[in-house]
Colleague: 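Pasting in a structure now, in structure tokens, and then I'll have a few things to ask.
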Amino acid sequence: MALLDDERVATAMWVGLGLALLALMALLSSVLTPFALGAVLAYLLVPGADWLQRHRLPRWVAALLMIVLTTLVLLGLVLILVPVLQRETSALREQWPALISRLNTNLAPRLYEWFGWTVTFDSRALTELLASHVSEQDVAASLLAQLRSGGAALLGTLGLLVLVPVVLFYLLLEWHEFTRRFEDAIPRRWHAQVVGMLTEIDSVLSQFLRGQLGVMAALAFYYSVALAVAQFRSALPIGILTGALAFIPYVGYSIGLVLALAAALLQFDGWYGPAMVAVVYGLGQLLEGFVLTPRLVGERIGLHPLAVIFALLAFGQLFGFFGVLVALPSSAVLLVALRRVKRAYFESAFYGRP
């Protein structure tokens, strides 16, 4: 009886500790953001650092090299995307009146014919609205106002950019030492169970995150090439953005589809552009759903797309950007815990009793 009471007290203590940690995460979410981002990046880059270390590079050199390579990749994406997006913004501002005219000529009659809707696009009002949002002078003034009123936020962003590489370096350098210390701190009677659960969580996360990176890269390549073959001038940025946003199920695909349709309406007359977007993105959805995701991510993981969306939204609402970073790891923990609860339920005498 005393042993049972001790177990209940220990369980209550662990539950209370978990709730206290959640409250602390909510209070310190802005402070924890660079550490969470560094931990996510470290988890993804540890295999690369281990591989370099096995090839006779010192651990600190391997960690530094992985950080440099990651920085170069991200910088390359920025240098590719930003100039093209600026050019497309200027083209949108210049071609907006012609686009409104085409909508009144081609789309408005179809809406009346198919649905009985009488729609007239006001070229002047929409042009003024567009000019007020994409004017370079307004953008510059807005940025200047933000710099004047949000200097602390700017310093916080710069601090984040400096702190994340430092956190990432030390995590890559001592990743295995951190995990060993954590295992040593687990009570011996729970050691096998906790280590088994952590191994299962790592399996779910590694398959999902690393597999999803492969899916994103493949989709970025496919959409960029397919839109380029269809003669879209903005094929590269739209393709890369569509692939990069693929980690958000359905939402990333929808954003890419809208961008591609906007580019088609701006560049092409008639229905060629929208038709090519429908073909490219329809084939892309089939490629992602039936080839890439099953092969690279694996259906056995069990992270349903709706669960991913819910986790991103819920943790983002609770903890801000820090919550977005920890949403998928937390989902993996909950998934493994629910699997074990389900297995224990089906193996229990309560379930098996006739």
Colleague: Do Leu227 and Tyr281 make a side-chain contact, defined as non-hydrogen atoms from C-beta onward lying under 4.5 Å apart?
Modeller: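 SC-SC contact between Leu227 and Tyr281 confirmed.
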Colleague: Taking only distance into account, with no hydrogens and no angle test, what donor-acceptor pairs under 3.5 Å do side-chain atoms of residues 34-51 form with protein atoms, sequence neighbours excluded?
Modeller:
unit_1	atom_1	unit_2	atom_2	d
Tyr43	OH	Asp202	O	3.0
Tyr43	OH	Asp202	OD1	2.7
Tyr43	OH	Ser206	N	3.2
Asp50	OD1	Arg59	NH1	2.5
Asp50	OD1	Arg59	NH2	3.3
Asp50	OD1	His176	NE2	3.0
Asp50	OD2	His176	NE2	3.2

Colleague: Between Leu245 and Tyr253, is there a side-chain heavy-atom distance shorter than 4.5 Å?
Modeller: no
Colleague: As a quick check of understanding, evaluate side chain to side chain contact (heavy atoms under 4.5 Å, CB included) for Leu52 and Leu65, giving each step before the final call.
Modeller: CA-CA 9 Å; Leu52 292 173; Leu65 186 58; 3.8 Å; yes
Colleague: Under the side chain to side chain contact (heavy atoms under 4.5 Å, CB included) criterion, do Ile238 and Tyr223 qualify, and how do the steps go?
Modeller: CA-CA 8 Å; Ile238 293 177; Tyr223 285 115; over 6 Å; no
Colleague: What's the spacing between Gln212 CD and Leu219 CG if we round to 0.5 Å?
Modeller: 8.0 Å
Colleague: For Ala246 and Met216, which heavy atoms make the closest approach, and how far apart are they?
Modeller: CB-CG, 4.2 Å
Colleague: Quick one: hydrophobic cluster around Phe221, which other residues, with the 4.5 Å side-chain cut-off, linked directly or via members?
Modeller: Val225, Val229
Colleague: Can you check whether Trp175 reaches Tyr170 side chain to side chain, under 4.5 Å on heavy atoms?
Modeller: no
Colleague: side-chain contact (heavy atoms from CB on, under 4.5 Å) with Ala244: which residues, sequence neighbours excluded?
Modeller: none
Colleague: Can you list the residues that meet the salt bridge (Lys or Arg N to Asp or Glu O under 4.0 Å) rule with Arg181, with sequence neighbours excluded?
Modeller: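 In terms of salt bridge (Lys or Arg N to Asp or Glu O under 4.0 Å), with neighbours along the sequence ignored, Arg181 is linked to Glu177.
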Colleague: Indicate if Leu236 and Val258 have the same hydrophobic cluster label, given that clusters are the connected sets of ILVMFWY residues with side-chain heavy-atom separations under 4.5 angstrom.
Modeller: no
Colleague: Mind checking the CD-CG spacing from Gln285 to Leu257? Nearest 0.5 Å is all I need.
Modeller: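 Answer for the CD-CG pair, Gln285 versus Leu257, is 9.5 Å.
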Colleague: For Ala226, what residues pass the side-chain contact (heavy atoms from CB on, under 4.5 Å) criterion, not counting sequence neighbours?
Modeller: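 Only Tyr222, Val280 meet the side-chain contact (heavy atoms from CB on, under 4.5 Å) criterion with Ala226.
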Colleague: Which distance, rounded to the nearest 0.5 Å, do you find between the CG of Leu173 and the CH2 of Trp60?
Modeller: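 Between Leu173 CG and Trp60 CH2, I get 10.5 Å after rounding to 0.5 Å.
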Colleague: Could you pull out every donor-acceptor pair under 3.5 Å between side chains of residues 68-76 and any protein atom, sequence neighbours left out?
Modeller:
unit_1	atom_1	unit_2	atom_2	d
Thr70	OG1	Met66	O	2.8
Thr71	OG1	Ile67	O	2.8

Colleague: Between Ile255 and Leu241, is a side chain to side chain contact (heavy atoms under 4.5 Å, CB included) present by the stated rule, with each step listed?
Modeller: CA-CA 9 Å; Ile255 293 175; Leu241 283 175; over 6 Å; no
